[in-house]
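Quick notes on the structure that follows.
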Amino acid sequence: MGSEEAEFMADVSTASGGVPTLAEIARTAGVSTPTVSKVLNGRADVAPGTRARVEDLLREHGYRRKRGGAQSSKLFDLVFHELESAWAMEVIRGVENVARREGMSIVLSESAGRLTPGQTWVDGVLARRPSGVVLVLSDLDEAQRAQLTSRDIPFVVLDPAGDPADGVPAVGANNWLGGLTATRHLIELGHRRIAMVGGPSRMMCSRARVDGYRSALETAGIGVDPALVREGNFHHEAGYAAGRELLALPDRPTAVFAGNDLQALGVYEAARELGLRIPDELSVVGFDDLPLARWVGPPLTTVRQPLVEMAETATQLALDLGRGRPPAATRVDLATTLVVRNSTAPPPGR
């Protein structure tokens, strides 16, 4: 018996817990059992209407491939919503650490800025049958989650953009505490005019950092001035544009908390163009602690988000789920810590 035939027979066998077999699903869909098996295995030679009908039935009946019935590949899928910064390299490094130890190769994808990957990516995953999937700042819609679940392909969301659905494993960082700590550091130095350059409001991590900033100010009895709050996109250009606006205000801020290190470097550029010295005339705090934070002049005070450790944790969690090893928790938030360098000081005149 060949490997494909053995795999097919394993999928046809009766599932436990009253879940229908592929033969029963095939009868309901009005197709042959091999056609259902092709859909399960991500084969392209199935008509779109037939594929949709079979997928609906698999989801409706909660079908799940028997563990061990189809051999997973020695591949691990990593998908980003955007792949263009040093931030992504830290995540790749963490996933690679675990994959190398497990003797696996990484398949790297980008969803072109979408927070949900396209169906083409899902079809590729079904055909590859990786041992696990990590989605960075992304998530799957209900139908996509059902597709991966029915094939017994475990997935974990890393640094989720929104609040993951119930039962979706996720690994993140304590962004609210990071925002609180960064702002409190500036307050303790004597700053009162503290600006915030956040990330996209649609991303949960960005909202949490801004909420931490607001909480620190309110706890210290400092009102939140809406004129000092800007929304960015986590890129250098957004930090620069916001920095130019904020530092041109008649009553400009004496400190800026940027929602990530790249935006902080944009603020650096804006300050340099305006002739403001950091930290003598302007303090700046970032978020992430990318390697470049130590190399800029002056070295950047920032909140360390343990990106490598987060990626390692998410990868190991996906592999454990695929091996039937129940983890201690499927929602993990790792600690953030403030790293004080030379970009922060008391405000002028203190």
Side-chain angles (χ1 to χ4, degrees), residues 76-109 130-139 154-164 168-182 185 199 203-206 208-209 212 234 258-264 285-295 299-323 325-341:
F76 193 93
D77 262 70
L78 172 61
V79 57
F80 288 86
H81 87 298
E82 288 182 337
L83 183 58
E84 56 178 48
S85 74
W87 188 94
M89 292 305 299
E90 295 297 287
V91 172
I92 294 171
R93 183 174 293 115
V95 175
E96 172 63 21
N97 288 344
V98 177
R100 184 172 56 251
R101 186 170 66 238
E102 297 284 345
M104 294 181 175
S105 299
I106 299 172
V107 178
L108 187 60
S109 306
S131 295
V133 176
V134 166
L135 302 110
V136 184
L137 280 173
S138 304
D139 201 353
F155 57 91
V156 175
V157 178
L158 176 62
D159 204 8
D163 188 18
V168 173
V171 175
N174 196 328
N175 292 288
W176 180 85
L177 183 59
L180 179 84
T181 304
H185 168 67
M203 292 187 178
M204 186 168 63
C205 61
S206 174
R209 293 169 198 177
F234 285 151
N260 72 334
D261 290 348
L262 295 181
Q263 290 186 151
V285 179
F287 200 109
D288 283 335
D289 194 27
L290 300 176
L292 55 81
R294 302 189 295 272
W295 304 336
L300 178 65
T301 294
T302 187
V303 176
R304 181 176 185 272
Q305 180 175 210
L307 292 170
V308 173
E309 293 92 332
M310 289 163 59
E312 290 173 339
T313 300
T315 306
Q316 192 61 59
L317 176 56
L319 292 176
D320 287 346
L321 289 169
R323 292 163 179 167
R325 302 173 186 165
T330 56
R331 293 291 180 93
V332 181
D333 277 334
L334 300 185
T336 53
T337 54
L338 181 69
V339 180
V340 179
R341 296 194 178 99

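For the side chain to side chain contact (heavy atoms under 4.5 Å, CB included) test, residues two or more places apart in sequence or in another chain that qualify with Ala293 are Asp261, Asp289, Leu300, Thr302, Arg341. Taking Asp320 as the reference, Gln316 meet the side chain to side chain donor-acceptor pair (under 3.5 Å) condition, with sequence neighbours excluded.
Shortest non-hydrogen contact noted between Ala335 and Pro306 is O-CD, 3.4 Å. Contact record, Val285 with Ala182: CG1-CB, 3.8 Å, taken as the closest heavy-atom pair. The nearest pair of heavy atoms linking Gly286 to Ala264 is CA-CB, 4.0 Å. Ala99 and Ile106 make their closest contact through CB-CG1, 3.9 Å (heavy atoms, listed as atom of the first residue, atom of the second, distance). Looking at every heavy atom in both residues, Ser131 comes nearest to Pro154 through O-CG, 3.4 Å. Closest of all the heavy-atom pairs between Thr336 and Ala173 is CG2-CB, 3.9 Å.
To the nearest 0.5 Å, atom CG of residue Asn174 and atom CD of residue Gln305 are 10.5 Å apart. In this structure, Glu102 CD and Asn97 CG are separated by 12.0 Å, a value rounded to the nearest 0.5 Å. Of the inter-residue distances, the one linking Ser109 atom OG with Phe80 atom CZ reads 10.0 Å to the nearest 0.5 angstrom. One finds the CE atom of Met89 at 12.5 Å from the CG atom of Leu292 (value rounded to the nearest 0.5 Å). Expressed to the nearest 0.5 Å, how far CG of Leu78 lies from CG of Leu158 amounts to 8.5 Å. How far OG1 of Thr301 is from CZ of Phe287: 14.0 Å, rounded to the nearest 0.5 Å.
In this structure the side chain of Pro291 reaches within 4.5 angstrom of the side chain of Glu90, judged on heavy atoms. Contact annotation: the side chain of Asn260 never approaches that of Leu290 to less than 4.5 Å [non-hydrogen atoms, C-beta and beyond]. When side chains are defined from C-beta on, Val107 does not count as touching Pro130, because their heavy atoms never get closer than 4.5 Å. A 4.5 Å side-chain heavy-atom check between Trp87 and Asp288 finds at least one atom pair inside the cut-off. The shortest distance between side-chain heavy atoms of Cys205 and Phe234 falls below 4.5 Å. At a threshold of 4.5 Å between non-hydrogen side-chain atoms, the residues Leu319 and Met104 count as touching.
The residues Arg304 and Glu309 are annotated as salt-bridged, a charged nitrogen and a carboxylate oxygen being separated by less than 4.0 angstrom. Classification of Arg93 and Glu96 as a salt-bridged pair fails, no side-chain N sitting under 4.0 Å from a carboxylate O.
Pairs passing the salt bridge (Lys or Arg N to Asp or Glu O under 4.0 Å) check and including a residue from residues 170-182, sequence neighbours excluded, do not occur.
Of the options Val168, Asp159, Val79, Val156, a side-chain contact (heavy atoms from CB on, under 4.5 Å) to Leu135 is made by Val79 and by none of the others.
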